[in-house]
*Asks:* 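Before we start, here is the structure in question, set down as structure tokens.
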Amino acid sequence: MKAAVIHGPGSIKYDTVDDPILKEKDDIILKVTSTAICGSDLHIYSGGLPQPRPMVLGHEFMGIVEETGSAVTHLKRGDRVVVPFPIACGNCFFCNHDVPGNCEHSNPEHYGPEGGILTEKGGALFGYTDLYGGYDGGQSQYVRVPYANYGPRIVPEDLSDEQVLFLTDIFPTGYTGVDWGEVKGGETVAIFGSGPVGIMSAKSAWLRGAAQVIVVDTLQYRLDKAKATTGATTILWEDGPKDVIEQIRALTNGRGADVCIDAVGFEPERNLTDRIKATINFEKGSIKVLEACMSAVRRSGIVSVLGVYPVNYDNFPLGQFFDKGIVLKGGQAPAHKHIDKLLDYVVQGRVKLDDIITHRLPLSEISHAYDIFKKKEDGCVKVVLDPWK
């Protein structure tokens, strides 16, 4: 089959690889009909997350069941399904507590309670390095899906792929940021990052009854997309966080936002000073967005961290965290927990997901797709790929 294979930082190729096969009784083989590039994929592409061997990437995909293992009970050949991005067994302590990203069984070689940088990681993720299970992902024509009795959801025939594809990750992830923020109605939610996850967070904030949604980004075209698709108030981050924080406070009677969501992570846009600071501190990337969230949130507010942070940072603002009484939540989104409810929102027409797509490309153009997505060229916000072109 054809697949997108990472060969090292900055090198992803359209390769021919072996077809996947059933390995366990509760596996399925999925013929992928649509897949997408996620901002998290860029951390592997940039080298921020190490992957020493070639691997098929991609954790946002859906398709048609091609083959089922003997223990698969609710799926059959021909069913059209969407697949949550964590690989989870559905039976362990963490799966039973609705945190499938911590599944005890899906990542046996690298799992553990410590949560170290290169050891004792969480549960497995599709196409997301050997540290997270080493499973090939879905930027391919076919993919093996383990624990198929727990993950895949059948989707209605009258909905297109693009209407439901983002139930795999970015919609559940954006919704999780708002859910962690305990939004019940009437709150101000400030979202840092107007990429796909940030936009989905804004859509989710409105679904949960937020009174005001603010989206912050360093690029005007991304803010324009957020404004057009969500109606949020937008703030351009130009010279630094101070002006942004002041604007958020001005919109909230000086208090700050009730909830701030970091939808960027450790690889934000950085200037020379930021890079020198990281080098001196022996740190990878930056926590500048997280720091801005902790300043912009009100006292006793909640900061939800959806962006990836794979290493430790000595300059974490612990004093501010304590003085303001901030609640900090983060980690892999529990996609399985929310996917059925979010699918219902799509079916009911309460939310539209495909309006963030800016590029539809064949999988054969995978190198170009990653390049424009990473460099934010050609107005790129979200790329959807056809594996059969």
*Asks:* Would you compute the distance between atom CG of L343 and atom NE2 of H338 and round it to the nearest 0.5 angstrom?
*Replies:*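 Going from CG on L343 over to NE2 on H338, the span is 14.5 Å.
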
*Asks:* Compare every heavy atom of A124 with every heavy atom of G133, then report the nearest pair and how far apart it is.
*Replies:*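 Distance-wise, the nearest heavy atoms are CA-CB, 4.0 Å.
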
*Asks:* side-chain hydrogen bond (donor to acceptor under 3.5 Å, both in side chains): which pairs involve residues 88-104, sequence neighbours left out?
*Replies:*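 For residues 88-104: none.
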
*Asks:* Return the CD1 to CG distance between I287 and N315, rounded to the nearest 0.5 Å.
*Replies:* 4.5 Å

*Asks:* Check whether any side-chain heavy atom of R80 lies under 4.5 Å from a side-chain heavy atom of D161, and answer yes or no.
*Replies:*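 Yes - at least one pair of side-chain heavy atoms lies under 4.5 Å apart.
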
*Asks:* How about D27 and V145: do any of their side-chain heavy atoms sit closer than 4.5 Å?
*Replies:*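 Of all side-chain heavy-atom pairs linking V145 with D27, none is under 4.5 Å.
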
*Asks:* Is there a donor-acceptor contact under 3.5 Å from the side chain of D262 to the main chain of G265?
*Replies:*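 Between the backbone of G265 and the side chain of D262 there is a qualifying donor-acceptor contact (under 3.5 Å).
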
*Asks:* So, T233 versus Q212: side-chain donor-acceptor pair below 3.5 Å or not?
*Replies:*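 On atom types as modelled, these side chains do not qualify, holding no pair under 3.5 Å.
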
*Asks:* Using the rule that Ile, Leu, Val, Met, Phe, Trp and Tyr join whenever any side-chain heavy atoms are under 4.5 Å apart, tell me whether L22 and V32 fall into a single cluster.
*Replies:*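 Result: no, two separate clusters.
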
*Asks:* Verify the cluster assignment for I191 and M294: are they in a single hydrophobic cluster under the rule of side-chain heavy atoms below 4.5 Å apart?
*Replies:*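 Result: no, two separate clusters.
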
*Asks:* If we only count heavy atoms from C-beta on, is the V81 to R153 side-chain gap below 4.5 Å?
*Replies:* no

*Asks:* Whether the T16 and K2 side chains hold a donor-acceptor pair (N or O, under 3.5 Å, no angle test) is what I'd like checked.
*Replies:* yes

*Asks:* Are H59 and Y135 close enough that some pair of their side-chain heavy atoms sits under 4.5 Å apart?
*Replies:* no

*Asks:* In Å, rounded to the nearest 0.5 Å, how long is the span from CE of M55 to OH of Y128?
*Replies:* 11.0 Å

*Asks:* Between V155 and V347, is there shared hydrophobic-cluster membership here, with clusters defined by ILVMFWY side-chain heavy atoms closer than 4.5 Å?
*Replies:*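 They do share one cluster, since a chain of ILVMFWY contacts under 4.5 Å joins V155 to V347.
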
*Asks:* By the definition side chain to side chain contact (heavy atoms under 4.5 Å, CB included), identify the one residue from V213, T252, D258 that meets it with E187.
*Replies:*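 Going through V213, T252, D258 one by one, the side chain to side chain contact (heavy atoms under 4.5 Å, CB included) with E187 is satisfied by D258 alone.
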
*Asks:* Minimum heavy-atom separation for C92 and C103, please, with both atom names.
*Replies:*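 Taking C92 first and C103 second, the nearest heavy atoms are SG-CA, 3.8 Å.
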
*Asks:* Between L306 and T173, what is the shortest heavy-atom contact and its length?
*Replies:* CD1-O, 3.3 Å

*Asks:* Check step by step if salt bridge (charged side-chain N to carboxylate O under 4.0 Å, His left out) holds for K203 and D355.
*Replies:* CA-CA 11 Å; K203 290 175 181 283; D355 55 357; 3.1 Å; yes

*Asks:* What heavy-atom pair brings V215 and L223 nearest, and what distance separates the two atoms?
*Replies:* O-CD2, 3.5 Å

*Asks:* Evaluate F126 against F61 for ring pair (Phe, Tyr, Trp, His ring centres under 6.0 Å), listing each step before the verdict.
*Replies:* CA-CA 10 Å; F126 284 101; F61 60 88; 5.1 Å; yes

*Asks:* For a quick test of reading the model, state the closest non-hydrogen atom pair linking G134 to R53 and the distance between them.
*Replies:*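 The pair with the smallest heavy-atom distance is O-NH2, 3.2 Å.
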
*Asks:* Do Y14 and V56 sit in one hydrophobic cluster, given that two such residues count as connected whenever their side-chain heavy atoms are within less than 4.5 Å of each other, even indirectly?
*Replies:*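 Different hydrophobic clusters.
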
*Asks:* Cluster question for you: counting only ILVMFWY and a side-chain heavy-atom cut-off of under 4.5 Å, with indirect links fine, are L165 and L363 together?
*Replies:* no

*Asks:* Could you pull out the closest heavy-atom pair between I356 and K382, with the gap in Å?
*Replies:*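 Nearest heavy atoms, I356 then K382: O-CB, 3.5 Å.
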
*Asks:* Please say which of Y132, F266, Y370 ends up in a ring-ring contact (aromatic ring centres under 6.0 Å, His included) with H43.
*Replies:* F266

*Asks:* Which pairs would a plain distance check flag for residues 62-71, meaning a side-chain donor or acceptor within less than 3.5 Å of a matching protein atom at least two apart in sequence or in another chain?
*Replies:*
none

